[in-house]
Amino acid sequence: MIKVKNLTKMYDKGKTVALNDVNLDIEDGEFVSIMGTSGSGKSTLLNMIGGLDVPDAGIVEVMGEDLSKINLSRYRRETVGFIFQLHNLIPNLTCLENVELPLFGSVKSFDMKNRALDLLEAVGLNSLANKYPNKLSGGQMQRVAVARALVNDPKVVLADEPTGQLDSENSELIMDLMQEKQEETNTTLCVVTHDFEIAKKAEKIIKIKDGQIESV
Ligand SMILES: Nc1ncnc2c1ncn2[C@@H]1O[C@H](COP(=O)(O)OP(=O)(O)O)[C@@H](O)[C@H]1O
Ligand SMILES: [Mg+2]
């Protein structure tokens, strides 16, 4: 599903090697977690897989396609769902409108409003559909972000420290939601975390250190 080959990414004109010749295979429908200390290269790796940034060397293949050879904005829009540590909801759109957003311009023919409401229901928040994000708790906002990430039925879901700002109860809830959806829809789920309690829910833990895979 996801093949990373000899991936290298540098910053500051080569002074920082964020990823150093990384090789990795993630199976279709697999749930993996990526662990490592701060600065080890986790976000860089996830961003490369998500087509948010491009490598200096090596390739990322998703579903047999080399990301350097395809339209990345379309790939991000149609194949990937992103969840970040901060929910990144748009403050002047309602929860429903935030969840509908990835459906604009999608080739997948969803009835936008019903599809978005279904996802809000799946995260237990359909009653808050018309509320603005600032009326919600942190845990609720992150649940809306999960609904938004999944609304377009992505094949790959990438979450970068999705529970980093949440208490343990809300972290559990968010993880359970993501895992439930991953099993239901057979998506490939990659979760970056430095919390072992979160990481161990995955089928596989990928440990990264100083820009290299330490163990899988
Ligand atoms: N945009 C950037 N510009 C310069 N250096 C960066 C940038 N993004 C990340 N880095 C550096 O690359 C390394 C890996 O960072 P990152 O992938 O964010 O690690 P993690 O997510 O594991 O904390 C760190 O040394 C970080 O300082
Ligand atoms: Mg990071």
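When a ligand or atom number is given, it counts from 1 through the structure's own listing order.
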Does any N or O atom in D12 lie less than 3.5 angstrom from one in ligand 1, N or O only? no
Counting each atom of ligand 1 from 1 as listed, which ones have a heavy atom of [X] under 4.0 Å away?
X	value
A18	12 (O), 13 (C), 14 (C)
T37	22 (O)
S43	17 (O), 18 (O), 20 (P), 21 (O)
S38	23 (O)
T16	11 (C), 12 (O), 25 (O)

The protein heavy atom nearest to atom 3 (N) of ligand 1 is Y11 CD2, 3.6 Å
Specify the protein heavy atom at minimum distance from atom 24 (C) of ligand 1: its residue, its atom name, and the distance to 0.1 Å. G39 O, 3.7 Å
Hey, are S43 and D160 close enough side-chain-wise for a donor-acceptor pair under 3.5 Å? yes
If we count only non-hydrogen protein atoms and require a distance under 4.0 Å, does atom 26 (C) of ligand 1 qualify as touching the protein? no
Check N130 against T94 and note the closest heavy-atom contact, atom names and distance. O-CG2, 3.6 Å
Test side chain to side chain contact (heavy atoms under 4.5 Å, CB included), reference V157, set V146, I83, T185, output is I83
Can you check which of D160, T44, N47 brings a heavy atom nearest to atom 16 (P) of ligand 1? T44
Starting from M48, can I reach L72 by hopping between I/L/V/M/F/W/Y residues whose side chains sit under 4.5 Å apart? yes
Under the salt bridge (Lys or Arg N to Asp or Glu O under 4.0 Å) rule, what do D66 and K69 come out as? Steps first, then yes or no, please. CA-CA 6 Å; D66 179 346; K69 302 205 165 84; 3.2 Å; yes
Do any N or O atoms from the side chain of T163 and from the backbone of L166 form a donor-acceptor pair under 3.5 angstrom? no
Can K201 and E172 be said to form a salt bridge (Lys or Arg N to Asp or Glu O under 4.0 Å), step by step? CA-CA 10 Å; K201 291 174 185 286; E172 279 287 313; 3.2 Å; yes
N, O or S from Q85 under 2.8 Å to the Mg ion (ligand 2): no
Please assess K204 against E30 for the test salt bridge (Lys or Arg N to Asp or Glu O under 4.0 Å), listing each intermediate value before the final yes or no. CA-CA 8 Å; K204 199 155 97 182; E30 198 171 25; 3.5 Å; yes
Close approach, G41 and ligand 1, non-hydrogen under 4.0 angstrom: yes
